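Since the structure is predicted, the reported quantities are computational estimates derived from the model, not experimental observations. Just the heavy atoms: all of them, side chains too, but no hydrogens, waters or symmetry mates, feed the values below.
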Amino acid sequence: MSKRLSRTVLGVAVLSLVTFGLPATASAGQHAKPERTVTDVVPAPVDAKPDPRANFRLNPATVIRTDREGRQVAEYLAGLLRPATGYRLPVVTGHRGGGPAISLETGRASDRVGTEGYQLKVSSSGVKLTANTDEGLFLGVQTLRQLLPSAIEAKTVQKRSWVVSGGTVLDYPRFGYRSAMLDVARHFFTPAQVKLYIDQIAQYKINTLHLHLSDDQGWRIEIKSWPKLATVGGQTAVGGAPGGYYTQEQYKDLVRYAASRHITIVPEIDMPGHTNAAQHSYAELNCDGVAVPPRTDIEVGYSSLCINKDITYKFVDDVIRELSAITPGKYLNIGGDEAHSTTPADYQTFAAKVHPIVAKYGKTITGWHEIAKTKPPVSAVPQFWGTTGTDANVAEAAARGNKILMSPANKAYLDMKYHPQTPLGLSWAGLIEVKTGYDWDPATFLQGVSEKNVIGVEAPLWSETLITSDNIEFMAFPRLPGHAEIGWSPKASRTWDAYRLRLAKQSPRWVQQGIDFYRSTQVDWK
């Protein structure tokens with residue numbers, strides 16, 4: 001019998017054991033070659049040591065063992081693994097239930113890993129994941145799922161072996177704020193589409209989703225004290241596409257869903273510019289009292305709230321009050337960008353009146369980096385979206401103690417074209433191939449903003465040209481995992497040559513997940 005035929009017969013025998021619900025031998029798991037090792041994970045861990053002799057094999061007798069604090073994460077993990085394996089994978093508390101186990105334990109990790117870090121050990125006898133919080137467990141699960149075959153992402157039973165790559169991982173994030181932004185104002189995306197994006201970003205340890213809820217082309221959140229914002233302002237979109245809006249109940253459901261993936265939603269109401277949809281909905285928001293026509297183009301900088309009317313601040317107060325009440329996260333984004341139709345003096349007047357309103361409702365300000373020139377409270381987080389390495393206002397804010405969220409448009413904007421022929425996206429900030437989007441550092445990009453001044457990174461995705469979830473995926477993948485790594489992994493462990501090899505090994509997972517990604521020629525896809 002040839003060696004090839006021998007392996008085939010052995011594989012059929014092992015598969016038969018699995019199919020009929022019998023545990024396979026440990027040696028079968030130990031000697032099967034995994035697709036990836038612990039050093040192939042994206043984002044790159046702080047420390048990872050592979051051990052090919054310690055591979056663990058899931059079988060029908062495997063249980064997921066956890067404590068009370070980890071039960072929700074354990075149920076989430078079971079939900080990930082059951083469809084493709086067809087195994088029961090019961091979640092058991094404490095030491096009940098024999099057989100091989102994946103163990104999730106809270107409160108027993110090293111102090112070094114903090115609240116988001118974790119320790120993972122995969123041996124031939126089981127998997128042990130420990131963290132100080134359930135959040136750390138959840139993030140560790142994202143690493144664990146990458147150590148299984150890509151077929152684990154399938155939604156139907158796959159008749160095959162399930163080998164978890166052996167070794168140890170100690171991991172924690174470089175920055176505590178790791179964000180993606182989705183523009184639902186230029187084109188509207190349904191709650192189901194937003195939830196899909198939440199799941200896609202969660203697997204790369206993103207912990208914040210910034211929703212751009214209002215702009216010139218559409219208003220996307222129900223405000224009960226100003227109902228026409230949604231019923232009138234929510235009916236338009238770029239190019240005449242169908243509009244839409246989230247009811248407050250739908251928004252609260254999105255917040256809960258994101259929280260179940262340990263993601264915090266930061267809502268944005270852009271002001272005092274980017275307000276045409278609001279000013280189309282309510283004539284009194286215009287200085288002349290005449291409603292403006294709707295806009296479905298992609299121009300910017302022409303709209304402004306009327307700075308000297310009292311009704312403007314009644315409007316702002318009501319919107320912030322209602323949105324704050326349904327947003328449990330600490331941040332509320334007040335926009336502030338491209339207010340070219342607001343004079344510098346009026347911009348300062350507006351900020352002086354609006355900043356206390358945000359504080360009144362218990363929220364912390366974040367906004368685009370233009371807010372830095374208003375000298376906001378030191379708790380405020382300006383988000384840098386410029387394309388050059390200097391910005392005096394942002395540097396001065398950092399010197400005062402404000403933390404800066406880094407999103408340079410020529411590096412982090414996911415809606416920029418990959419190359420001139422990319423069928424989607426824009427190119428005003430430049431072309432951003434995968435290497436360009438990965439090969440920068442948030443602690444050195446901007447003069448006067450160092451590691452200690454940076455709260456984290458965000459990858460914004462503007463939707464002027466995006467209509468479907470496939471469009472979102474094509475522009476976000478494969479660049480978003482690189483931004484996630486910039487936010488998570490130690491600077492010393494990041495090199496393009498190593499990253500492109502790890503990134504290539506992600507593609508079979510995306511195929512299983514149905515993610516429509518761009519196959520950059522800079523990466524040798526697997």
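W510 and Q200 share no donor-acceptor pair across their side chains, judged by distance under 3.5 Å alone. In this structure, a donor-acceptor pair under 3.5 Å is absent between the side chains of S303 and N276. Side-chain contact of Q513 with Q203: a donor-acceptor pair under 3.5 Å is present, judged by distance alone. A donor-acceptor pair shorter than 3.5 Å cannot be found between the side chains of T208 and Y331. For the residue pair N132 and Y118, no side-chain donor N or O sits within less than 3.5 Å of a side-chain acceptor on the partner. A donor and an acceptor atom, one from each side chain of S304 and T342, are located under 3.5 Å apart. Judged by distance alone, the side chains of T349 and D346 never bring a donor and an acceptor atom under 3.5 Å apart. Under the 3.5 Å distance criterion, with hydrogens and angles disregarded, no donor-acceptor pair is assigned to the side chains of W385 and E458. In this model, a donor atom of one side chain and an acceptor atom of the other lie less than 3.5 Å apart for S520 and E433. Remark: the Y499 side chain and the D439 side chain contain no N/O donor-acceptor pair separated by less than 3.5 Å.
Here the side chain of T275 pairs no donor or acceptor atom with the backbone of A278 at under 3.5 angstrom. Judged by distance alone, with hydrogens and angles left aside, the side-chain atoms of D183 form a donor-acceptor pair with the main-chain N or O of S463 at under 3.5 Å. Formation of a donor-acceptor pair under 3.5 Å by the T296 side chain with backbone atoms of V238 is not found in this model. Listed for the H369 side chain is no donor-acceptor partner under 3.5 Å among the backbone atoms of P382. For the pair E485 (side chain) and A44 (backbone), a donor-acceptor distance under 3.5 Å is present. Although no hydrogens or angles enter the test, the distance criterion places a donor-acceptor pair under 3.5 Å between the side chain of N453 and the main chain of S450. Without hydrogens or angle criteria, D171 side chain to V46 main chain gives a donor-acceptor distance under 3.5 Å. Not a single donor-acceptor pair under 3.5 Å links the side chain of D317 to the backbone N or O of Y313. Side-chain atoms of S341 come within 3.5 Å of backbone N or O of G301 as a donor-acceptor pair. Checked by atom type and distance alone, the side chain of T388 pairs as donor or acceptor with a backbone atom of T390 at under 3.5 Å.
Nearest heavy atom pair, residue D215 against residue A277, reads O-CB, 3.3 Å. For the pair T39 and P50, the tightest heavy-atom approach, listed with the atom from each and the gap, is CG2-CD, 3.7 Å. The heavy-atom pair separating R178 from P173 by the smallest distance is NH1-CB, 3.5 Å. Closest heavy-atom contact between M271 and L305: CB-CD1, 4.2 Å. Smallest separation of non-hydrogen atoms from I201 and I263: CG1-CD1, 3.8 Å. The minimum heavy-atom distance linking V164 with V127 is given by the pair CG1-CG2, 4.4 Å.
Scanning for ring-ring contact (aromatic ring centres under 6.0 Å, His included) contacts around Y251 gives an empty result, with sequence neighbours left out.
Other residues, nucleotides and ligands place no more than 12 heavy atoms under 6.0 Å from the CD atom of Q447. Atom CD of Q522 sits in a crowded spot, with more than 12 heavy atoms from other residues, nucleotides or ligands closer than 6.0 Å. No more than 12 heavy atoms of other residues, nucleotides or ligands shown are found within 6.0 angstrom of NZ on K128. The neighbour count for R108 CZ, taken as heavy atoms of other residues, nucleotides or ligands under 6.0 Å away, does not exceed 12.
In this structure, CG on L424 lies 6.0 Å from CG on L466, to the nearest 0.5 angstrom. Distance check: I320 CD1 to I365 CD1 gives 8.0 Å after rounding to the nearest 0.5 Å.
Two residues are said to be in side-chain contact when any heavy atoms from C-beta on lie closer than 4.5 Å; Q217 and F188 fail this criterion. The side-chain heavy atoms of I265 and L211, taken from C-beta on, include a pair separated by under 4.5 Å. K491 places none of its side-chain heavy atoms less than 4.5 Å from the side chain of I486. When side chains are defined from C-beta on, L81 counts as touching I152, because their heavy atoms get closer than 4.5 Å. Residues H262 and N207 have side chains not in contact (no heavy-atom distance under 4.5 Å, counting atoms from C-beta outward). Residues E464 and L426 have side chains in contact (heavy-atom distance under 4.5 Å, counting atoms from C-beta outward). Considering only heavy atoms from C-beta on, H212 stays 4.5 Å or farther from R220 through its side chain. For the pair Q142/Y204, no side-chain contact is recorded, criterion being any heavy-atom separation below 4.5 Å from C-beta on.
When each of L431, I432, T436 is checked for a side chain to side chain contact (heavy atoms under 4.5 Å, CB included) with M416, only I432 meets the rule. When each of R509, Q506, E35 is paired with S150, the side chain to side chain donor-acceptor pair (under 3.5 Å) condition holds for E35 and for no other.
Checked for salt-bridge contact, E116 and K205 miss the test: no charged N lies under 4.0 Å from a carboxylate O. With respect to the salt-bridge test (charged N to carboxylate O, under 4.0 angstrom), the residues R186 and D216 do not qualify. Using a cut-off of 4.0 Å between Lys/Arg side-chain N and Asp/Glu carboxylate O, K49 and D47 are scored as salt-bridged. The existence of a salt bridge linking D40 and K505 is confirmed by a sub-4.0 Å separation between a basic side-chain nitrogen and an acidic carboxylate oxygen. Between D391 and K373 there is no salt bridge, since none of the side-chain N atoms of the basic residue sits less than 4.0 Å from a carboxylate O of the acidic one.
Taking the centre and axis of the six-membered ring of F517, the NZ or CZ atom of R479 falls outside the cone set by 45° and 6.0 Å. For the pair R261 and Y257, the distance from NZ or CZ to the six-membered ring centre is under 6.0 Å and the angle to the ring normal is within 45 degrees.
The stretch residues 403-425 participates, sequence neighbours left out, in these side-chain hydrogen bond (donor to acceptor under 3.5 Å, both in side chains) pairs: Q383-S407.
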Point to revise | Stepwise side-chain contact (heavy atoms from CB on, under 4.5 Å) test for V42 and W488 | key: CA-CA 9 Å; V42 175; W488 179 277; over 6 Å; no
Check your understanding: Stepwise, does the side-chain contact (heavy atoms from CB on, under 4.5 Å) test hold for L77 with F138?
Key -> CA-CA 9 Å; L77 174 60; F138 181 85; over 6 Å; no
Exercise for review: Please test W219 against Y245 for ring-ring contact (aromatic ring centres under 6.0 Å, His included), starting from the C-alpha separation and ending with a verdict.
Suggested key: CA-CA 7 Å; W219 185 283; Y245 66 90; over 10 Å; no
**Study point:** Verdict with reasoning, W462 to H274, per ring-ring contact (aromatic ring centres under 6.0 Å, His included)
**Key:** CA-CA 14 Å; W462 301 98; H274 288 278; 7.7 Å; no
Check your understanding: What's the verdict on side-chain contact (heavy atoms from CB on, under 4.5 Å) for V319 and L229, showing C-alpha distance, side-chain angles and the deciding distance?
Key -> CA-CA 10 Å; V319 170; L229 290 170; 4.2 Å; yes
Practice item. Tell me, with the steps shown, if L323 and I269 meet side-chain contact (heavy atoms from CB on, under 4.5 Å). Key: CA-CA 9 Å; L323 195 51; I269 301 298; 3.6 Å; yes
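Using the six-membered ring where Trp is involved, F445 and F384 have ring planes that are tilted, between 30° and 60° apart.
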